[in-house]
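Letters A, B, ... are given to chains in the order of the sequence lines, protein chains preceding strands, and every chain is numbered from 1.
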Amino acid sequence: MRNAYYIFKKDVKSLFMSPLAYVVMAVFFCVSSFLLVAGMEEASMRGAFGLIATMLIFIMPFLTMRSFAEEFASGTDELLMTSPVTSGQLVAGKFMAVMALAGAIIALSGQYALIIGIYGDPDWGPALTGYAGLLLLSGALASLGVYCSSLTRSQPAAAVSAFGLALLLIVIRAAQSAVDALAASFTGSAAAEAVAKALSSVLEAAGVLDHYFDFEKGVIDSTHVVYYVAFILLFLFITARRLDSKRF
Amino acid sequence: MKKRSLNRINSAVLTFLAVGIAFMAYYVAARNPVRKDFSEMGLNTLSDKTTAVLRTLETDVEAKAFFETGSIPASMIEDILKEYARVSPKFMFEMIDPAARPAEARKLNVSDYGVVFIAGDKKKNVGMQDIFKFSYDPYGGEAPPEFTGEQAFTNAIIALTSKEQKTLCFLEGHGEGGIDGSGGGDYGAVGGMLEGENFVVKTINLAVEKKVPGECSAIGALGPQKMFLQPEIEVLKGYLSNGGRAIFLLEPARETGLEQLLAEWGVSVGNDVVIDPGRFFGEDPLAPIPELMPHEITSKLLESRLTVTLQGARSVSPSGSAQDGVEVASLLKTTSKGWGETDLKTARPAFDAAADLEGPVSIGAAAEKRLVPKNDAQDSDADQAEEDAAESASEISTRIVVFGDADFPSNSLVSMDGIIKQLMGGTGNADLFMNATAWLAGEEDMIVIRPRPVDFRPLEMTAQQRGSLFIICVALIPLALAAAGAWIWFRRRSK
């Protein structure tokens with residue numbers, strides 16, 4: 001764990017000492033506040049959470065793109081690979097560093113909670129579960145981004161592929177209605193209808209954003225928690241395997 | 001080279017295994033979900049009533065929701081229908097975009113957004129006007145619509161699956177509030193709720209009919225202002241003696257002629273007005289917020305810690321003068337600081353131990369006389385005997401509910417805007433009336449807490465405050481972040 005902590009410390013320093021992180025945060029809060037504050041009518045964080053979740057999809061690839069791509073491009077990966085740090089520790093350290101920055105962004109969105117707390121009588125239950133959901137969603141996006149970063153030495157390519165994959169995991173839900181329509185048209189064949197219905201369930205379960213919405217309503221569902229935890233661990237694991245394969 | 005290939009195979013197998021384990025973990029979690037609602041009012045949890053209805057479903061019910069995919073109403077409807085499906089395996093639903101699947105809409109004759117509930121060959125449409133209620137905003141401007149989908153959906157399921165409809169008859173001819181009226185002193189709001197719960201609601205005039213029609217499962221006198229005629233009293237006496245069911249809401253300072261009849265059933269109606277300096281609404285001790293006494297009618301309100309607000313009440317207490325076999329229980333009581341003021345004309349009411357009724361003062365009572373006593377059942381199986389006796393007692397017994405206030409379930413206190421109702425504190429008013437009616441009609445399953453419209457909590461800020469916050473959040477905070485970035489950039493450059 002100590003090795004993972006050193007990697008985490010090094011990456012956090014590098015992320016927070018980079019002007020890019022501050023520019024990303026400044027743009028993030030300028031845009032989100034512009035869209036939120038003028039139209040805020042209800043003492044609820046639901047609108048803010050929805051917007052922050054959507055914006056995380058766009059900014060997480062920028063936060064994760066450097067993780068490994070930069071090491072590959074600058075050649076420092078060889079140093080890392082030959083050091084006594086395991087691939088798992090390396091991935092965990094880099095993932096935690098990205099999460100520290102994502103956590104800082106999420107914490108700064110506390111300004112909206114402060115506003116609704118001062119000028120209204122909000123229900124704090126959904127506000128707290130919403131933050132839990134944002135952390136899990138950003139964790140899933142971070143693990144996906146770290147994985148994409150391990151595939152290439154080009155940072156833009158890492159960001160674009162991470163964004164593309166995240167987008168695919170969001171729009172996949174839209175395909176569900178097409179599959180439902182298909183299932184409805186299979187009135188003659190029970191087997192075909194069953195296959196289409198099973199596919200529809202898989203598509204429903206796959207949507208990375210669909211598992212988030214219950215959190216912002218104030219509901220914690222074990223299904224969603226397991227989805228995000230399994231998602232994060234899976235992508236961190238395959239990233240570690242990817243690094244292992246490069247060692248040999 | 002060989003080692004490298006082996007490692008690749010090893011890596012592929014491990015990755016495949018990891019994917020399999022992740023899918024399995026999700027599958028198991030999805031099959032055994034544990035959900036916890038952290039919202040203050042349990043807004044994401046189905047109400048007691050909906051859960052009770054769904055758990056007792058005997059036939060399959062299918063809901064087909066016609067909404068545009070991705071729209072806000074579609075996601076709200078889908079969320080709630082998912083909760084319904086979680087509670088009962090006999091409930092299924094399907095979201096249909098009518099633009100994508102027009103044939104489905106045509107097949108069910110659907111021409112507008114809404115939900116069609118289907119049970120066997122019966123259908124019921126619930127339209128947008130039932131799902132979203134638009135109301136007057138007391139602070140001006142356009143009030144956001146209330147989401148009343150749960151009430152509408154559950155009532156549709158009750159209507160589709162109920163085997164029989166019971167009739168509730170409300171008396172007229174003595175200045176009672178109308179059960180279908182929309183005035184502040186009328187009862188149209190709870191009347192609509194009764195119809196939603198599959199009761200047939202009608203009005204009867206005892207002076208004209210000369211008897212209580214046989215179809216009436218229970219009768220009600222909601223705030224009579226004038227005296228009942230002696231023949232009407234005789235009709236009521238005969239009706240109650242033969243297992244009749246009745247609810248009386250009696251206002252203070254109104255003599256109705258029912259007082260003697262109710263005394264025979266062990267309910268004493270005081271000629272007073274209740275004052276409770278210990279627990280009242282706003283600054284008016286004449287608007288008591290009574291404590292609920294344990295009874296089948298009040299049990300769910302007590303569990304949910306709902307309160308009831310009265311507006312000008314008289315005492316209604318269990319008395320010792322009841323006929324044999326009548327059990328009388330108090331339903332509502334003031335605190336010990338309350339009293340029943342008998343001097344109705346005084347401008348400065350004060351407790352007079354000699355004349356006034358000492359607190360805690362009862363403001364509502366329920367009387368029951370079982371015509372088939374519980375211990376008459378002679379079955380060998382003791383549990384079964386008790387169950388049968390309870391069932392038959394519910395079927396063949398006189399039940400009377402009397403409240404010393406006629407305002408608490410009136411439109412003025414039940415159908416108001418959610419915000420005012422919250423301020424008034426009378427969040428359980430409608431449930432108290434509905435549960436009393438369900439108890440009278442022998443529909444104990446319907447003694448529940450009903451779904452509530454989703455509340456709206458406004459932000460109260462002036463235009464100036466909003467402007468300042470806009471500048472702070474849109475300009476100052478991002479500028480501070482950008483300045484921090486610029487400072488780091490300069491420091492790194494200068495090194």
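Within residues 100-111 of chain A, the residues that have a heavy atom under 4.5 Å from a heavy atom of chain B are A:Leu108, A:Gln111, listed by number. Residue-level contacts of residues 10-17 of chain B with chain A, in order of numbering, are B:Asn10, B:Ser11, B:Leu14, B:Thr15; threshold 4.5 Å between heavy atoms.
Among A:Ser222, A:Pro122, A:Ala21, the residue with the largest count of heavy-atom pairs under 4.5 Å with chain B is A:Ser222. With chain A as the partner, the residue from B:Asp79, B:Ile21, B:Asn32 showing the most heavy-atom pairs under 4.5 Å is B:Asp79. Heavy-atom pairs under 4.5 Å with chain B were tallied for A:Gly120, A:Ser33, A:Gly125; the largest tally goes to A:Ser33. Residue with the most contacts toward chain A among B:Val28, B:Val19, B:Ile96: B:Val19 (heavy-atom pairs, distance under 4.5 Å). Ranked by non-hydrogen atom pairs under 4.5 Å with chain A, the options B:Phe470, B:Tyr26, B:Trp487, B:Phe23 are led by B:Tyr26.
A salt bridge between B:Glu94 and B:Arg101 is present, with a side-chain N of the basic residue lying under 4.0 Å from a carboxylate O of the acidic one. Between B:Arg106 and B:Glu104 there is no salt bridge, since no side-chain N of the basic residue sits under 4.0 Å from a carboxylate O of the acidic one. With salt bridges taken as basic N to acidic carboxylate O contacts below 4.0 Å, none links A:Asp221 and B:Lys36.
With 3.5 Å as the limit, one finds a donor-acceptor pair spanning the side chains of A:Ser14 and A:Arg66. Between the side chains of A:Thr129 and A:Glu216, not a single donor N or O lies within less than 3.5 Å of an accepting N or O. No hydrogens or angles considered: nothing links the side chains of A:Thr239 and A:Ser150 as a donor-acceptor pair under 3.5 Å.
Judged as a ring-ring contact (aromatic ring centres under 6.0 Å, His included), and not counting sequence neighbours, A:Phe28 has no contacts. Residues passing the side-chain hydrogen bond (donor to acceptor under 3.5 Å, both in side chains) test with A:Asp123: none are found, sequence neighbours excluded.
If you measure heavy-atom distances from A:Phe231 to chain B, you find no contacts under 4.5 Å at all. In this structure, the portions of A:Ser18 lying under 4.5 Å from any heavy atom of chain B include both its backbone and its side chain. Both the backbone and the side chain of A:Tyr227 come within less than 4.5 Å of a heavy atom of chain B.
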**OP:** Dump the intermediate steps for side chain to side chain contact (heavy atoms under 4.5 Å, CB included) on A:Met45 and A:Tyr112, then the final yes or no.
**Re:** CA-CA 7 Å; A:Met45 284 293 285; A:Tyr112 307 125; 4.0 Å; yes

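A perpendicular orientation is assigned to the rings of A:His211 and A:His224, their planes being inclined by more than 60° (bins at 30° and 60°). Classified by interplanar angle (parallel below 30°, tilted 30° to 60°, perpendicular above 60°), the ring pair B:Tyr84/B:Phe153 is perpendicular.
Judged by a 6.0 Å distance limit and a 45° cone about the ring axis, B:Arg491 is not positioned over the six-membered ring of B:Trp489.
Not one N or O on the side chain of A:Asp214 forms a donor-acceptor pair closer than 3.5 Å with the backbone of A:Ile220.
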